Every structure is written in structure tokens, then in C-alpha cells.
Amino acid sequence: MLGLPLPYCDELLYSTIARYGIHSGIVSPKELLQEVFGDTKIIATPDLPGHLKRIADLYPEVVGITPGDLLYEHTLFPLYAPFIGEERRRCLTRELMANRKSTVHLTAGVAASRVKQPAFLRYCPGCIKEQINQYGECYWRRDWQVAGAESCPVHGFLVESDIRRHDMHRHLFQAASESACPAVVQQPGSWQSDLILNSVRELLNLESGSVPELCLWSLWYRNLAVDNHLNRGTQVRHDFVANRIVEFWGEKWLGQYGLLPNGGEPCWLRNMFRKHRKAFSYLEHLVVLHALLERGWNLADVFRVVSGLNPAEKAFNKALKGTDKAQLSEYRNKWLAAVAQHGIKGARSHGYGGIYAWLYRRDRDWLMNINEAHRKPEYEHLPKVSWAQRDMRAVRRLIDLREQSEVQLEAPRRSMNWYLNQLEHKANVEKHLDLLPLCGLFFARHCESISEYQIRRITRTVIHITRNDEPLKRWQVLRGAGLNEQRLTDLASRFLEEVLEI
């Protein structure tokens with residue numbers, strides 16, 4: 001390859017690869033993937049791309065670019081890393097650097113997060129103009145693509161391009177350009193967006209290193225509530241916390257991201273001040289920190305303080321000694337009778353909770369052994385989904401799609417992914433094909449192979465040429481079909497030679 005360009009400051013790695021395609025004059029998305037990754041099945045991912053070791057190896061050693069540099073300086077990984085715990089951070093780092101498929105969006109909590117990322121790549125028209133004047137080209141900055149940071153502090157609100165972050169053309173890297181990022185009049189940004197952007201830039205520029213565990217974040221937020229007098233003894237006054245958050249940010253802005261706290265359960269803000277059983281998003285953390293910390297704080301200091309906390313381990317109460325043996329025998333017999341009649345959970349809810357507590361304090365080992373011996377097998381739930389009916393409905397929809405698209409020569413390749421993307425519930429079919437035999441049979445019989453797709457493209461081009469009464473030339477047909485001799489399959493080549501005789 002000619003040489004991957006060096007990434008600009010805060011440029012997405014996605015953008016760097018797209019610029020390489022422009023510099024090298026590569027038109028085919030698959031050819032670009034082959035050049036960069038040596039694999040044509042890589043998915044173009046703007047936020048958390050993988051195969052970083054492979055990309056870092058493309059640069060000369062003298063440049064000194066490492067996979068870690070690409071991860072922390074040219075992806076959105078630093079937004080999630082500080083809040084997911086050290087073990088998961090290391091796991092995700094290994095996944096993103098390795099040359100294999102990854103489930104990083106699921107593991108990092110991006111897919112299930114309350115805070116949804118923008119659907120389209122965004123840009124700042126004023127910054128695009130400055131980039132062109134300075135570098136002669138423009139690129140996608142990573143801080144443009146972060147939910148909550150909706151504006152540029154210099155020029156105003158960001159603008160959505162027409163390029164989707166997760167497009168149907170999953171293998172296409174699309175570069176920023178004047179045509180994709182037209183100049184429009186920008187409105188001034190909101191103070192909330194500018195405040196979040198400053199913290200987002202702090203996050204993106206933090207150095208790599210170990211991060212606090214979730215238990216330390218739990219302790220930090222309990223202490224934060226105490227420091228702000230939002231507690232009553234050891235209890236956090238969640239209503240007071242919610243009032244402070246709403247008063248600082250405003251209901252409209254919080255509602256825009258689904259972060260408006262409600263009074264019921266579950267509520268993300270209540271869970272933030274309880275034991276952290278899961279990671280929270282960067283925006284949820286920033287919303288709380290800005291509302292409760294004094295001005296002038298910075299994230300580096302917060303991470304240092306949180307990492308230095310030392311929560312005392314919770315110690316179980318020791319069993320009480322000196323219990324009368326006759327009384328102990330009496331309580332054991334009562335509990336055995338209750339468990340035999342009602343079961344473990346039923347006994348505690350039918351008036352025997354006091355006996356359970358008494359034994360737990362004085363004879364815990366015996367109680368745990370008895371409960372384990374009387375544990376009932378879990379109830380086998382009946383399936384709530386009729387997979388046969390779902391299989392029949394899905395395959396009928398697939399047959400309709402095939403009939404509608406069969407005569408459309410201009411349609412994209414009718415692969416399995418193409419069919420799945422047309423369905424309303426794609427994931428239910430894709431992840432349960434073993435339970436959907438009719439759908440599996442349809443895909444095996446009717447999905448279009450690469451050779452069939454090439455023949456259809458050739459046929460479309462030949463029809464167009466013959467309508468204009470022009471002679472058929474092999475090079476002309478291949479160019480019109482977007483093919484070349486290297487990419488042409490054996491079956492498509494035979495079609496040209498034996499059927500079209502060119």
C-alpha cells in the first residue's frame with residue numbers, strides 16, 4: 001500500500017482510513033478493506049473500531065504509533081474506559097487491539113445505554129472551513145460524535161451529515177468532504193452543551209492507565225451526597241439529589257437525553273447513589289458531577305481521589321455463643337417443620353421469619369445446610385414464544401421481499417444481511433436461526449452469491465449498452481458493472497465468454 005496517512009489531532013481512525021481511500025484513488029469499499037486490513041469482511045465502525053494492532057503495523061516504526069495511541073487518541077474508547085472497572089477495561093483493550101471480531105459495543109454497555117449516540121456523523125461547518133484552509137482537506141473529529149456535546153464552543157451547534165454511523169453499507173468508510181459537509185448557518189450553542197464538551201474533551205485526552213473499580217464509585221457518590229448535605233444519617237435523600245440535578249441542568253435538557261429523574265423505581269439517579277452493580281455512562285456521571293461539585297474541578301483530580309478510596313470490607317456478624325442446647329433444638333425442629341410444610345421462602349413469609357433470623361444469628365452453618373438440602377428445583381418456564389408461528393411469518397415476509405426485488409436489476413446484492421435488514425425484527429431472526437428452520441432453508445436457497453451478483457450487474461450493463469446500439473466490449477462491460485479482471489469470479493468470467501461471447 002502507498003502508506004496510511006498520519007491521523008490529525010482528535011481525528012477518528014475511521015476518518016483516517018477513509019482519507020487513505022481518497023488519497024489512493026480506491027473506489028471499491030472491499031478493495032480498501034483488503035488494502036488496510038487484509039480482510040474484506042471488516043465493518044466500518046466510527047466510534048470503537050477494532051484490529052488496531054494491524055493498523056498500527058502499517059506505520060513505519062520510526063513514527064512511533066502504537067495500538068494504544070490509536071485507541072486512546074483516535075477512538076471514543078476514553079469516554080467509556082474510566083467507568084467500567086479495570087478488568088473490563090483490559091478485556092475491551094485486548095478485544096479492540098486483536099485482529100478478530102469483537103463484541104465491544106455490548107461489553108462496554110454502548111448498545112444498552114440509556115444515552116443513545118447520534119444516528120448520523122456530525123460536523124461543525126466553521127471547523128470544516130478552517131481544516132480545509134489549514135490542511136487542504138477536512139476530517140471527522142471525534143468530539144463531534146458524542147451525545148451531549150452538541151455544539152462547537154467557537155462556531156455554534158453541530159450539523160448532521162447524511163452519513164449514518166451504522167449504515168446499511170457496513171463496509172464503506174466515508175470521508176468528510178465539502179459535499180458531505182455543506183456550509184450552513186450555525187446557531188449559537190447552549191451553555192449545557194459547551195459545559196459537557198469541555199468535560200468530554202478532558203475525558204478524551206486523559207492518559208491510559210488503570211481505572212477505579214465500581215465499588216469505589218459507589219463510595220465516592222455516597223461521600224458526595226454527604227458533602228452536599230443530601231443525606232439523613234446513612235441514607236441518601238434521593239429527592240433532594242434529584243432537585244439539585246434538575247435545578248442545575250433544567251428539565252428540557254435532561255429530558256432530551258432521557259435523564260430526567262423520576263420519583264419511582266427504577267431510576268438511574270437513585271442507582272447512581274446506591275451500590276454500583278453496573279457501569280453508568282459518561283454523560284450520567286458528568287451530569288451528577290457538574291451539579292454537585294464546586295466550580296473549578298477537573299476529571300483527573302476526581303479519578304485520582306476515587307482510585308485512592310479504601311472502602312472497609314463488610315464483615316458478617318459472628319454467630320452468638322452460649323445458646324442453650326434445648327432452646328437450639330426447639331428452634332431447629334420448628335424450622336424443619338416449617339420448611340417441610342411451606343418451603344424455604346414460604347416459611348419466612350408465613351410467620352417463621354423470626355425463627356429464621358434467630359437461627360441465622362446462632363446456628364448459621366446448620367441453617368444454610370438445611371436450606372440447601374430443602375431447596376426446590378427451579379420452575380421450568382413454558383416457552384412464551386411460538387417459534388413455529390414466528391418462523392412462518394418471517395419466511396412469508398422473506399418470500400414477499402424476494403418476489404418484489406427479483407426483477408430489480410439495480411438492487412444491491414440480495415445477501416442474507418440484506419434480507420435481514422428488511423425485516424422489522426432483524427435480531428430475533430438472526431440470533432435464533434436454529435429455531436427457525438424455514439428461514440434457514442430460505443437463506444440457503446435464495447441468498448445471492450457473489451458470482452450471481454456479478455452476473456446480474458453484468459446483465460444490467462449489457463442491457464444498457466445494447467439499447468444504445470453500441471457494440472459489446474469486455475472492458476466496457478466490466479467498467480460499467482464496477483468490476484475488473486482481478487475481482488471477477490470464475491462463473492462470471494465464463495458467463496462473459498460463453499454466453500455473451502466477449
Side-chain angles (χ1 to χ4, degrees), residues 18 21-22 24-44 162-164 166-175 179-180 394-424 426 429-430 433 436 438-502:
I22 300 295
S24 304
I26 299 175
V27 178
S28 168
K30 292 299 184 76
E31 186 178 346
L32 178 60
L33 294 178
Q34 186 65 40
E35 280 275 321
V36 177
F37 300 99
D39 185 353
T40 59
K41 296 181 180 180
I42 304 299
I43 296 175
D162 57 357
I163 300 174
R164 286 187 173 272
H166 305 288
D167 202 350
M168 187 178 72
H169 304 289
R170 302 189 301 166
H171 308 289
L172 179 60
F173 287 86
Q174 302 192 60
S179 58
V395 81
R396 284 174 179 169
R397 174 59 180 153
L398 291 171
I399 292 172
D400 290 341
L401 288 170
R402 178 177 175 271
E403 292 177 351
Q404 294 169 10
S405 62
E406 197 168 17
V407 295
Q408 299 176 2
L409 296 179
E410 302 287 340
R413 179 187 165 204
R414 292 185 286 270
S415 62
M416 178 177 169
N417 279 330
W418 182 84
Y419 278 113
L420 288 171
N421 283 324
Q422 313 306 311
L423 298 178
E424 183 178 358
K426 168 187 174 181
V429 176
E430 184 178 18
L433 275 177
L436 304 171
L438 294 179
C439 291
L441 186 62
F442 176 90
F443 290 134
R445 289 187 177 182
H446 299 296
C447 286
E448 194 173 33
S449 67
I450 294 177
S451 295
E452 292 170 339
Y453 181 44
Q454 289 186 354
I455 291 173
R456 178 156 63 88
R457 289 158 65 182
I458 291 171
T459 303
R460 179 188 64 202
T461 305
V462 168
I463 292 174
H464 178 73
I465 293 175
T466 53
R467 280 179 179 172
N468 297 330
D469 296 327
E470 298 178 8
L472 288 178
K473 297 178 182 178
R474 186 182 178 95
W475 67 268
Q476 189 178 18
V477 172
L478 289 177
R479 187 174 69 176
L483 299 170
N484 55 42
E485 296 290 353
Q486 290 74 31
R487 297 173 54 205
L488 200 63
T489 63
D490 293 339
L491 189 61
S493 181
R494 288 178 57 193
F495 177 77
L496 285 171
E497 295 169 359
E498 298 177 12
V499 178
L500 299 179
E501 298 180 350
I502 57 174

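The figures here come from the full heavy-atom set of this structure, side chains too, leaving out hydrogens, waters and symmetry mates. Please read these numbers as outputs of a predicted model, since none were measured by experiment.
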*Do Leu478 and Ile502 pass the side-chain contact (heavy atoms from CB on, under 4.5 Å) test, and can you show the C-alpha distance, the side-chain angles, and the key distance before you say yes or no?*
CA-CA 11 Å; Leu478 289 177; Ile502 57 174; over 6 Å; no
*Might you work through the side-chain contact (heavy atoms from CB on, under 4.5 Å) test for Leu32 and Leu172, ending with a clear yes or no?*
CA-CA 9 Å; Leu32 178 60; Leu172 179 60; over 6 Å; no
*Just do the side-chain contact (heavy atoms from CB on, under 4.5 Å) check on Ile455 and Val499 with the steps written out, would you?*
CA-CA 11 Å; Ile455 291 173; Val499 178; over 6 Å; no
*Given side-chain contact (heavy atoms from CB on, under 4.5 Å), test Gln174 with His169 step by step and report yes or no.*
CA-CA 10 Å; Gln174 302 192 60; His169 304 289; 6.0 Å; no
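With contacts defined as side-chain heavy-atom distances shorter than 4.5 Å, the pair Ile399/Leu438 does not qualify.
Counting heavy-atom neighbours within 6.0 Å of Arg487 CZ, excluding the residue itself, gives a total above 12. With a 6.0 Å radius and a threshold of 12 heavy atoms from other residues, nucleotides or ligands, Glu424 has its CD atom at or below the threshold. Residue Lys473 qualifies as open at atom NZ: its count of foreign heavy atoms under 6.0 Å is 12 or below. Counted within 6.0 Å of CD1 on Ile450, heavy atoms from surrounding residues, nucleotides or ligands total 12 or fewer; the atom is thus considered open. Atom CZ of Arg474 has more than 12 heavy atoms from other residues, nucleotides or ligands within 6.0 Å. Under a cut-off of 6.0 angstrom, the local environment of NE2 in His464 is sparse, with at most 12 non-hydrogen atoms contributed by other residues, nucleotides or ligands.
Arg396 contributes atom CZ, which lies 14.5 Å from atom CG of Leu401 (distance to the nearest 0.5 angstrom). Note that the CZ atom of Phe173 and the CD1 atom of Ile42 stand 8.0 Å from one another [nearest 0.5 Å]. Atom CG of residue Leu500 and atom OG1 of residue Thr461 lie 10.5 Å apart, to the nearest 0.5 angstrom. Interatomic distance, OG of Ser28 versus CD of Gln486, reported as 12.0 Å (0.5 Å rounding). Atom CG of residue Asn421 and atom CD of residue Glu430 lie 8.5 Å apart, to the nearest 0.5 angstrom. To the nearest 0.5 Å, the span separating CG on Leu436 from CG on Leu441 amounts to 12.5 Å.
The shortest non-hydrogen separation linking Leu433 to Cys439 is CD2-CB, 4.2 Å. Closest non-hydrogen pair, Pro471 versus Ile465, comes out as O-CG2, 4.1 Å. Smallest separation of non-hydrogen atoms from Val429 and Leu423: CG2-CD1, 3.8 Å.
A donor-acceptor contact shorter than 3.5 Å links the side chain of Gln454 to the backbone of Thr489. Listed for the Arg170 side chain is no donor-acceptor partner under 3.5 Å among the backbone atoms of Ile43. Under a 3.5 Å cut-off, the side chain of Gln422 and the backbone N or O of Trp418 do form a donor-acceptor pair. Of the possible donor and acceptor atoms, one in the side chain of Gln408 sits under 3.5 Å from a partner among the backbone N and O of Gln404. Between the side chain of Arg460 and the main chain of Ala481, no donor-acceptor pair closer than 3.5 Å is present. No donor-acceptor pair under 3.5 Å is formed between the side chain of Ser24 and the backbone N or O of Gly21.
Taking the six-membered ring where the residue is Trp, Tyr419 and Phe443 present tilted rings, their angle falling between 30° and 60°.
Salt bridge absent: Glu452 and Arg414 never bring a charged side-chain N and a carboxylate O closer than 4.0 Å.
Residue Lys30 forms a side chain to side chain contact (heavy atoms under 4.5 Å, CB included) with just one option from Glu35, Lys41, His171, and that option is His171.
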